[in-house]
Number of protein chains: 2
Amino acid sequence: MSNGISLKELAAELKLAPSTVSRALNDSYEISEATKKKVISMAEKLNYQPNPFARSLRENKSKTIAVIIPERINNFFAQVMDGIEEIAHEHGYHLLVYSTHEDVEKEKKIVSLLQNKRADAIVMSVSSQTSDVSHLVKLYQRDLPIIFFDRVCSDIPTTKFITNDYESAYEGTKHLIQQGCQKIAFLMLAKELSITKERYRGYLDALKEAGMQPEPTFSLHCCRSDEENIQLITELLKSENRPDGILSSVEKLALATYHSVKKTKLSIPDDLKIITFSNMSSAGLLSPSLSTITQPALTIGQECAKLLIKKLTKPRHNELKDQVIVIPSKLTIRESTMAR
Amino acid sequence: MSNGISLKELAAELKLAPSTVSRALNDSYEISEATKKKVISMAEKLNYQPNPFARSLRENKSKTIAVIIPERINNFFAQVMDGIEEIAHEHGYHLLVYSTHEDVEKEKKIVSLLQNKRADAIVMSVSSQTSDVSHLVKLYQRDLPIIFFDRVCSDIPTTKFITNDYESAYEGTKHLIQQGCQKIAFLMLAKELSITKERYRGYLDALKEAGMQPEPTFSLHCCRSDEENIQLITELLKSENRPDGILSSVEKLALATYHSVKKTKLSIPDDLKIITFSNMSSAGLLSPSLSTITQPALTIGQECAKLLIKKLTKPRHNELKDQVIVIPSKLTIRESTMAR
DNA sequence: TTGTACGCGTTATCAG
DNA sequence: CTGATAACGCGTACAA
């Protein structure tokens with residue numbers, strides 16, 4: 001056996017015209033049952049596989065969706081991918097996957113690669129460095145359907161799926177206050193990120209409602225590097241005026257905090273309480289177990305894919321409206337925020 | 001702007017023949033520098049993007065590699081993916097990614113989807129349910145280059161990348177013995193998996209060398225379901241004749257053990273020591289911190305991609321020889337295997 | 001140095 | 001119901 005047979009060869013074998021065979025395989029109504037059967041059985045016998053590129057060329061679609069995420073080693077994004085894949089496969093779509101590693105330059109390269117319609121549509125969450133979005137606008141202008149999730153681009157008029165960032169951060173902060181925290185810090189990646197803004201707002205409003213002033217040094221901007229983040233957080237924890245509570249806007253910063261705490265004489269939750277946005281399944285196994293705000297990652301992925309496929313299947317009736325769809329997160333209280 | 005311009009249209013704009021434009025863009029030696037410049041600048045001006053499907057159809061290659069992994073929410077596989085992606089992107093290759101969720105039926109479907117040469121090659125790690133490999137043999141017979149990593153198929157004559165499973169398991173077991181364990185259990189997924197077999201051999205040989213008998217009930221076969229695994233392990237830990245040491249052949253079973261221990265009165269490492277194959281970055285943050293055998297995941301991914309691309313680029317000189325390439329793991333001792 | 005013609009494997013249109 | 005033909009966009013042999 002070697003490299004597969006073409007429609008034409010299959011037709012020759014059957015002594016039929018290629019067009020007839022094509023129609024038979026596509027179950028066209030204008031082909032008799034008898035020939036359909038003959039064609040199908042021969043196709044199976046010879047293990048005929050249609051060439052996807054010829055088809056894509058002809059139909060101007062690839063049955064492929066591109067997914068761009070900031071990082072792969074991240075439970076949230078991995079779960080979202082699982083959700084997208086589940087729905088995509090149900091509808092015969094394939095997934096091209098790209099990770100930007102939180103690097104805008106990488107993101108731009110990837111996006112530029114996708115301009116040629118290699119994928120029928122794009123699902124993405126922008127990198128933490130992304131503030132100028134002209135590369136994404138370009139995509140949009142090329143008529144490539146695009147959906148954002150989690151870290152969205154409000155400038156681009158399409159559908160976005162997020163969790164209730166504001167409320168969750170608000171509730172998380174309120175929880176810290178109820179547990180007795182007086183000085184609460186907020187850990188963020190880039191301040192330009194949509195999720196940062198919303199979660200920060202929730203944090204500030206919760207403080208305000210409790211009559212607390214947000215300490216400027218308590219808004220900590222972190223970066224991609226775990227080492228640097230641990231350094232930054234350690235400094236904050238060792239400072240004269242250190243926080244006694246932390247709301248971490250992403251999982252990795254909570255883990256960095258755990259590492260930092262090990263470098264101090266502090267202990268969680270006695271000296272410092274912490275809650276974080278995170279989808280880590282082993283949050284409950286950490287020392288101490290970590291209170292989390294768990295995002296509906298799988299659902300977000302599924303919904304993204306469902307909407308996109310609806311749009312791809314029936315483009316007329318389904319525009320990607322400029323709207324934000326919110327799916328709520330779930331607070332799970334564990335030891336890291338226990339009152340003494 | 002709408003949907004991109006074709007080579008023909010670009011040629012018309014330039015008042016040149018399509019073939020000339022094609023050659024200019026591909027930097028052919030038979031085109032004058034002057035026209036090359038004109039063509040390139042116009043191509044940029046009109047944002048010309050070659051149609052990848054026309055190209056794939058013509059050249060019979062897609063510049064795409066398919067990657068099949070058993071699960072996405074797994075630090076090892078995520079890191080391997082990162083390694084593959086890094087090298088693939090350097091060479092202009094795209095990645096189609098599929099997860100089997102440890103399900104052979106899913107694996108078969110995916111593999112069948114790839115028969116049509118949608119991808120130029122495949123990198124994969126088989127599901128834990130995979131014992132019959134006829135679906136993979138079929139791929140191989142189709143002349144689709146395929147490379148295995150970690151969970152390999154010895155029946156298929158191609159290159160495989162693994163870690164030193166036998167030695168690592170041997171060393172891990174020996175470490176447990178040195179720390180005072182007398183009754184060591186081995187946790188595995190399916191016993192048919194290549195990694196299970198090798199790691200089990202290492203475990204058995206270490207026991208033997210220490211003059212210990214392998215207790216039959218201490219070889220625990222687990223499954224995909226975390227709940228069931230926790231149940232199984234809990235039973236083992238509560239049994240009359242319980243182990244005092246555990247070598248876990250995969251990360252998830254170690255985490256399941258941590259959950260199980262919480263359901264008993266035992267404590268790690270006093271009553272039970274445990275070491276596991278794992279690439280979890282937060283192993284050091286668990287309670288207690290978890291001793292691990294860390295696989296060179298990134299390197300494995302990079303090497304797979306390098307070899308595959310060499311093969312795809314210069315097929316004549318690079319056959320995928322039937323060999324196993326071993327890249328060693330690293331033992332990291334933490335609290336979970338401390339002697340009392 | 002540039003242009004013409006063809007084929008890659010499909011599917012849709014038009015004829016019969 | 002089936003067959004012939006054209007077209008999708010590109011690259012290459014062959015011609016000029």
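Protein chains get the first letters and strands the later ones, always in sequence-line order, with residue 1 at the start of each. The figures that follow rest on heavy atoms only: side chains count, while hydrogens, waters and symmetry mates do not.
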note: B:N60, atom CG; D:dC10, atom P; distance rounded to Å ~ 18 Å
Residues passing the salt bridge (charged side-chain N to carboxylate O under 4.0 Å, His left out) test with A:K160, sequence neighbours excluded, are A:D322
Separation of C:dG9 atom P from A:K61 atom NZ, nearest Å, is 22 Å
Could I get a table of every N or O pair under 3.5 Å where one atom is in the protein and the other is in nucleotides 12-16 of chain D?
residue: D:dT12; atom: O4'; partner: B:R58; partner atom: NH1; Å: 3.4
residue: D:dA13; atom: N6; partner: B:R23; partner atom: NH1; Å: 3.3

Separation of C:dG9 atom P from A:I5 atom CD1, nearest Å, is 11 Å
Between CZ of A:R55 and C1' of D:dA7 the distance, given in whole Å, is 17 Å
For A:N26 and A:S28, which I'm curious about, is there any donor-acceptor pair between the side chains at under 3.5 Å? no
Residue set satisfying salt bridge (charged side-chain N to carboxylate O under 4.0 Å, His left out) with B:E85, at least two apart, ordered chain then number -> A:R72
**Message:** What contact category does A:Q49 fall into here, base, sugar-phosphate, or nothing, at under 4.0 angstrom with non-hydrogen atoms?
**Reply:** sugar-phosphate
Looking at A:Y48, I'd like to know whether one of its side-chain N or O atoms comes within less than 4.0 Å of OP1 or OP2 on C:dT10.
yes
From the candidates D:dA4, C:dT2, D:dC1, the one with an atom nearest any side-chain atom of B:S32 is C:dT2
Between CZ of B:F53 and C1' of D:dG11 the distance, given in whole Å, is 18 Å
Contacts of B:L57 and B:T35 projected onto DNA chain C by closest heavy atom; the upstream (5') one is B:T35
When every non-hydrogen atom of B:A78 is compared with those of A:I73, the smallest separation belongs to CB-CG1, 3.8 Å
Taken to the nearest whole Å, CG/A:N51 to P/C:dG7 is 17 Å
Here the distance between atom P of C:dT2 and atom CG of B:L25, to the nearest Å, is 13 Å
Side-chain N or O of A:K8 closer than 4.0 Å to phosphate OP1/OP2 of C:dC8:
yes
Under-4.0 Å side-chain N/O to phosphate OP1/OP2 contact, A:S6 with C:dC8: no
The reported gap from CD in B:E107 to OG in B:S112 (rounded to nearest 0.5 angstrom) is 12.0 Å
B:N116 CG to C:dC8 C1', in whole Å, measures 16 Å
Taking atom types as modelled, find out whether A:S127 and A:T130 have a side-chain donor-acceptor pair closer than 3.5 angstrom.
-> yes
Q.
Side chains of B:Q129 and B:E102 only: does a donor on one sit below 3.5 Å from an acceptor on the other?
A. no
